[in-house]
Amino acid sequence: MNGQSLVLSKGKQYKSLLKHYAATKALTKTTQLHALAITSGLLSPHLRSSLSLSYANCGHLKNARKLFDEMPQPTLFSYNMMLKTYAQHGFYLQTLNLFVEMVNLGKCRADNYTYPFVFKAVGEEKLVIFGGVVHARVLTGGFEKDSFVMNSLLTMYMNCGEKEEGRKIFDTMWEPNVVSWNSMISGYFKNGCSKEALGVFNKMMDDGLETDCATVVSVLPVCGFLKELEVGRRVYELVKEKGWGKEMMVRNALVDMFAKCGSMKEARFIFDGMVERDVVTWTSLINVCILNGDMRAALRLCLLMVLEGVRPNSVTLASLLSACGESKNLMDGRCLHGWATRQRLEYSVMVETSLIDMYAKCNRVDLSFLVFKNTSKKNTVPWNAILSGCIHNRLGKEAVKLFKEMLIEGMKPNAATLKSLLPAYAICADMQQATNMHSYLLRSGLVSNNEIGTAVVDIYSKCGSLESAHKIFNGIPNENKDIYLWSVMIAGYGGHGHGEIAVSLFKQMVRAGVKPNEVTFTSVLHACSHAGLVDEGLDLFKLMLRNHQISPQADHYTCIVDLLGRSGRLDEAYDIIKTMPFAPTHAVWGALLGACVIHENVELGELAAKWLFELEPENTGNYVLMAKIYSAVGRWKDAENIRHIVNEIGLRKAPAHSLIEVRNM
DNA sequence: ATAGGGTTAG
């Protein structure tokens, strides 16, 4: 054997070895062979290609790219493999960069394998403009009949939020297959068109088209969202008929669908019938408990999950943490924070966001900031969370400051950012800042968004400029005036003592065919009580009680007690409290006590105070008010006794809680 | 070698 043929046979041997290493993801062996190839001078372009592929499969992207770059003329296959590797590992921008390099430098023509990787990356990065350019290349390149290319193009548009474009691709497709149909279902659902998604599925069934596992996995979340239990059951029948019930994904989707449709029995039946359960199965069931408000059961399931050897992921923790926030359950929230740390999940964006949100909702925004400080700040979601956390704790100035920092960091605010931020300007009530923000919104074109428009009206009202608020209100077309906008405008006038205008706006709203809800009634009753429109308020309250779609809440009773109490009709106020269908809250008794202070009524004052001392024994304000009544009527001794209690509470109360180190949990 | 599916935070 001469030298030449020895090299060739060695090269062949190495190539087949690398094929094996790539399949078994043997990184160490790949590295060893790489070194051997260098030292023996056998590193040919062909071997580089095999080595690159092996590194790629082992997940060592750096070396894969290095060897790729060392190839004098990478083949189309090598390009495609590199693109695939980047796309599979979530390096979408690198995918697109390499694609541009490959096409623009004229190195290779893209083929039917290239485009799906590219469209995947475009869809994930939501670069729809770029996607359109690649779309054009697909057409000029004559790929419009390739089902893989066209399906990936369809999904790309759906992932970019362009459902109309996606639909167009589907409608003009040469031969839509089951993947195309499934993509339409999931695409519509992702874009908030659940009805259309269900329509696509029904059409598939009616036309007797081919369906598969992915079809049912796509349509089941739609059934759950729409609470279409009957359709969900039909899908379950289909699953049994086709024998897809062994698939974990199908079973998980069934558990979730039945749970969301409120059929715990069927959800449990599927769950219990599963021999193997993964983290998604458990998370789905945990979510069911959370939905039912049973945190203890949810935590018990966590324990069972761990005992079965299934580890939680960031979704599991995010669900549990957000439940703690909703129920102001700081204790469990902190334990879960510790669990997240031990599971090395605390630096996942989703967990960070839920932690920020949970602490803020538990009124511990100091801890939210501690978590936020350690986030990467490259994602808008944690920013939005800390902004809404500030708002929840009425830290308007801090929110505005954070927003400015966010802009400086180069973050792009989205609609959710502004929704979180805008109440800050209403809290600050600083006209200058509000005007600046308004012009920012006008420039960004976001004012046309209904929710944002409502927020602007609210800001101007809170800043005291009812004229500006009303001008914007009038500028919104009548058919776009929804209940939120009306409520804000009514509350604006009510808050500044213009009860008559508030009531007349309320009547206008009803005439315009917008049904008042609990919030509108609170606003208008509040307006009446501020302006002393006692009978007007009583009439509205009676109207509300007669309207059976609206259930009177504690807020409404507080308003009406305040209204009657301020005008001196204390006995009537107490009569109303006695008719309440649920236990009066501290706010209701507080309104009565406040009125008793104004009108120096000892008897009812003592009654209200008795309840208040029981409901919120630590609130010194109640004792002070009662002392005030005693002093006013000359019962100095009683007043003195109560002031004494206030001092005792003050001494007993711990000093302001110190910042607790979360990291030590 | 290439396309579609399950839990989820602001």
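All chains are named by letter (A, B, ...) in the order of the sequence lines, taking the proteins before the strands, and each is independently numbered beginning at 1.
- With centres under 5.5 Å and a plane angle under 30°, the ring of A/Phe148 is stacked against the base of B/dT2.
- Nearest to the side-chain atoms of A/Asn384 among the listed nucleotides B/dG4, B/dA9, B/dG10 stands B/dG10.
- Residue A/Asp357 is classed as a sugar-phosphate contact, given heavy-atom separations below 4.0 Å to backbone atoms only.
- Using a 4.0 Å heavy-atom cutoff across all strands shown, A/Asn414 reaches at least one base atom of the nucleic acid.
- A/Met184 comes within 4.0 angstrom of nothing in the nucleic acid, heavy atoms only.
- For A/Lys120, taking side-chain heavy atoms from C-beta onward, the closest of the listed nucleotides B/dG4, B/dA9, B/dT2 is B/dG4.
- Residue A/Leu53 contributes atom CG, which lies 9 Å from atom C1' of B/dA1 at whole-angstrom precision.
- A glycosidic torsion no more than 90° from 0 defines the syn conformation; B/dG4 lies beyond that range and is anti.
- Listed for the A/Ser420 side chain is a donor-acceptor partner under 3.5 Å among the backbone atoms of A/Ala416.
- Ring centers of A/Trp181 and A/Phe170: under 6.0 Å apart, within the cut-off.
- Within the 4.0 angstrom heavy-atom criterion, no nucleotide atom of any strand lies near A/Ser314.
- For A/Tyr440, the OH atom sits in a packed shell: over 12 heavy atoms of surrounding residues, nucleotides or ligands are nearer than 6.0 Å.
- Atom-to-atom, CG of A/Leu317 to P of B/dT8 comes out at 15 Å; the value is rounded to the nearest Å.
- Between A/Thr417 and A/Asn414, the side chains place a donor N or O and an acceptor N or O closer than 3.5 Å (distance only, hydrogens not considered).
- One interatomic measurement links the two molecules: CE of A/Met156 to P of B/dT2, which rounds to 20 Å at whole-angstrom precision.
- Taking the six-membered ring for Trp and the full ring otherwise, the centers of A/Tyr79 and A/Phe68 sit less than 6.0 Å from each other.
- Distance from the side chain of A/Ser152 is smallest for B/dA3 among the nucleotides B/dG10, B/dG4, B/dA3.
- DNA chain B lies under 4.0 Å from at least one heavy atom of each of the following residues of residues 258-269 of chain A: A/Lys260.
- Summarising the geometry, atom CD belonging to A/Glu276 is positioned 8.5 Å from atom OG1 belonging to A/Thr281; distances are rounded to the nearest 0.5 Å.
- Considering only the side chain of A/Val315, B/dT8 comes nearest among B/dT8, B/dA1, B/dG4.
- For A/Glu175 and B/dG4, the CD to C1' distance is 18 Å, given to the nearest whole Å.
- Side-chain proximity of A/Ser319 to the nucleotides B/dG4, B/dG10, B/dT8 is greatest for B/dT8.
- Minimum atom distance to the side chain of A/Pro116 is reached by B/dT2, of the listed B/dT2, B/dA1, B/dA9.
- Note on A/Phe119: nothing from the nucleic acid sits closer than 4.0 angstrom, heavy atoms only.
- Regarding A/Lys145, its NZ atom lies at a distance of 20 Å from the C1' atom of B/dT2, rounded to whole Å.
- Note: CG (A/Leu153) to C1' (B/dA3) measures 11 Å, nearest angstrom.
- For the pair A/Ser388 and B/dG10, the criterion of a side-chain N or O lying under 4.0 Å from OP1 or OP2 is not met.
- In the set B/dT7, B/dT8, B/dG5, B/dT8 carries the atom at the smallest distance from any side-chain atom of A/Met350.
- With B/dT7, B/dT2, B/dG5 as the candidates, the nucleotide lying closest to the side chain of A/Asp256 is B/dT7.
- Side-chain proximity of A/Lys84 to the nucleotides B/dT7, B/dT2, B/dG5 is greatest for B/dT2.
- Among the atoms of the strands shown, base atoms are found under 4.0 Å from some heavy atom of A/Asn112.
- The 12-atom threshold is not exceeded at NZ of A/Lys412, counting heavy atoms of other residues, nucleotides or ligands nearer than 6.0 Å.
- Atoms CG (A/Asn287) and P (B/dT8) sit 5 Å apart, rounded to a whole Å.
- For A/His20, the NE2 atom sits in a loose shell: 12 or fewer heavy atoms of surrounding residues, nucleotides or ligands are nearer than 6.0 Å.
- Residue side chain A/Asn177 does not reach the base of B/dG4 through any donor-acceptor N/O pair under 3.5 Å, judged by distance alone.
- Atom CG in A/Asn182 sits roughly 11 Å away from atom C1' in B/dA3 (whole-Å rounding).
- Environment of NZ in A/Lys19: sparse, with no more than 12 heavy atoms of neighbouring residues, nucleotides or ligands closer than 6.0 Å.
- In the set B/dT7, B/dG5, B/dT8, B/dT7 carries the atom at the smallest distance from any side-chain atom of A/Val280.
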